[in-house]
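What follows is a single structure, written as structure tokens, with notes after it.
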Amino acid sequence: MKIHQLVCLSLFGIMIHSCAYNNEADLYPSNNDTLDTSKTFTYSGDVVPILNRECTSCHNQNNISGGIQLDNYDDVKFFANNGRLLGSIEWSSGFSPMPKGGPKMPANDITRIKKWIEGGALNN
Amino acid sequence: MKKLIILLLLIPSITSFAQDDLLDALLEEQKPEKEFAAAAFKGTRVINAQSLENVAEGVLDYRILHRFGSVLGGAQNFFGLDQASMRMSFDYGLTDRLMIGIGRSGYLKEFDGNIKYKLIWQHKGKNPMPVTVVYNAGTVLQSIGFVDQTRKNLFSSRLGYFHTLIIGRKFNEGISFQVSPSVVHRNLVTDQQEPNDLFVIGIGGRIKLNKRLAFVADYQHVLNSDYYPNMNNPLALGIDIETGGHVFQLHFSNSTGMNERAVLLGQNGSWSKGDIRFGFNLSRVFDLKKRI
């Protein structure tokens, strides 16, 4: 067998070996539990993980898409208070729907951010 | 005597005929049976999408790709040029038909590797073949940390795969066109409704403007995009500038991502709203195989 055929076969083997059909909702069912909205929602515990997953890849210090930066408290607070953060993630009319090109964020995550803003958008 | 003179005069012309015949025969022998189409595109990528072309055997192609920020960033962000996202890759030709490549993108810190094989090669001559068919397959590995470190994260969740069949033709020296159906698979998606497999149909073309310049364009359309109501399919328009060993591709596109997964799902902007970005691909080839 020629060397290049061997290389091809091995690479192809690696590729199909770890092919999976997973989704987060099934893999991590605890995340789908009914959200307890009476608790206090915090910036560090609730908001930052969501922003890091959904927003900061495009809205960071080095890549300020649309002039919006969401990787520090002051900027996040600014966009939380002027309504653009919630308007965008809730896909309200008049706002650019975010995450851009992707699906709407999970309802629980939108609620977490909404409750944090309603609680005063504190740096907690 | 007269006859002898005529004969002597004729000899050189006969021999010259014979020489011509011999030369023709020699040329015919040297003429390849199959004349393969070359340089349908100037590089291994049209702009975002893989092209019909492979690098030749023993040749290493070092590519640097840049995508800047949205032009909507305005003058303060120098119309996006203040923000840059980069990918660099190495493609190497194991044979004239088979190439392997690796790359790394800054966006989502993704590594990718691919194999590209020319199944059918357009040629003239004996049993002519009107099209080139290329199979390209690869893996994308997201190395950015998992957001939720407390849950049990799987390594497979970082991986995505792509398979593309590129069917195209170099119509003449100036015009090449290709169609490329592909499947992009992600091991982990958000919920049951989000498809793990995206089915994509791509088109790409090149029109040569002069010896050094060519207009290039590519577009990819996701067929099962119901889950993403705001999805913008990637469209890129640009020009190729050839300068000796380098090929510059300057272009405008609506995508930030530069590998097969990210180009579709990388938060693409909308052309109709002017949310596009400038970018360039730079290619430099090195011949690693000693040629006689």
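By convention in this document, chain letters (A, B, ...) are assigned in the order of the sequence lines, proteins followed by strands, and residues within each chain are numbered from 1. Remember, predicted model here, so these are calculated numbers, not experimental data.
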(message) List the residues meeting side-chain contact (heavy atoms from CB on, under 4.5 Å) with P97(A), not counting sequence neighbours, and say none if there are none.
(response) W91(A), N230(B)
(request) Heavy-atom pairs under 4.5 Å with chain A are the metric here; pick the option from L159(B), L154(B), D197(B), N232(B) that has the most. (result) D197(B)
(request) Could you name each residue pair satisfying salt bridge (charged side-chain N to carboxylate O under 4.0 Å, His left out) that touches residues 262-279 of chain B, not counting sequence neighbours? (result) K100(A)-D275(B)
(request) Name the region of D191(B), side chain, backbone, both or neither, that has any atom closer than 4.5 Å to a heavy atom of chain A. (result) both
(request) Compare every heavy atom of S255(B) with every heavy atom of V263(B), then report the nearest pair and how far apart it is. (result) CG2-OG, 3.6 Å
(message) Looking only at heavy atoms and a cut-off of under 4.5 Å, which of T256(B), L72(B), T190(B), L265(B) has the most pairs with chain A?
(response) T190(B)
(request) For the pair Y43(A) and Y73(A), name the ring-plane relationship: parallel under 30°, tilted 30 to 60°, perpendicular over 60°. (result) perpendicular
